[in-house]
Amino acid sequence: MLLFIKKSWHLSSVTQGVIGGCLAAMTQVAATVTDLDYACDTHCPWQPEDVIVDPLVISDGAVTVSDAPGLGVDLDPDALARLHHRWNAMPQWHNRDDIAAMRLVDPNYRTPSSPKY
């Protein structure tokens, strides 16, 4: 999970892990921000598998904040082992290069000197 703090101290977040544990963490953090005025972004709804027992439900654009201990989710160790095994079997995905991907679209693309957010 990444959290972006803007100069005006506004908070916005996006889950990068695209698994339920990341969404649960982002939900808990967002729930503590009394004046959150940016959308939190997740890719979890498009994931066919997860590493938590009961995936969080997004309803009307919102997730209910759990009052269970910790992040409020239970890890599924079998699912975690299965997805870890799959990750290890695909080393071509281990070294992500977003700059090269951007240059496929725009050959003149240059790495920004500072974050865009």
Considering only heavy atoms from C-beta outward, does the side chain of V51 approach that of L75 to under 4.5 Å?
-> yes
Where do S66 and G72 come nearest, in terms of heavy atoms and distance?
-> OG-CA, 3.4 Å
Only one of D78, V73, D74, L80 passes side chain to side chain contact (heavy atoms under 4.5 Å, CB included) with D76, and that residue is D78
Distance (rounded to the nearest 0.5 Å) between L23 CG and Q28 CD | 10.5 Å
First locate atom CG of L104, then atom CG of D97, and finally report the distance between them rounded to the nearest 0.5 Å.
-> 9.5 Å
Rounded to the nearest 0.5 Å, what separation is found between the CG atom of L56 and the SG atom of C22?
-> 11.0 Å
Heavy-atom distance under 4.5 Å between the side chains of M102 and D106, does that happen here?
-> no
Atom pair NE2/CZ of H84 and R82 - distance to nearest 0.5 Å = 13.5 Å
Can you establish whether the number of heavy atoms outside H85 located under 6.0 Å from its atom NE2 is more than 12?
-> no
For A25 against L71, the heavy-atom pair lying closest together | CA-CD2, 3.7 Å
D50 side-chain N/O to P55 backbone N/O, donor-acceptor pair under 3.5 Å = no
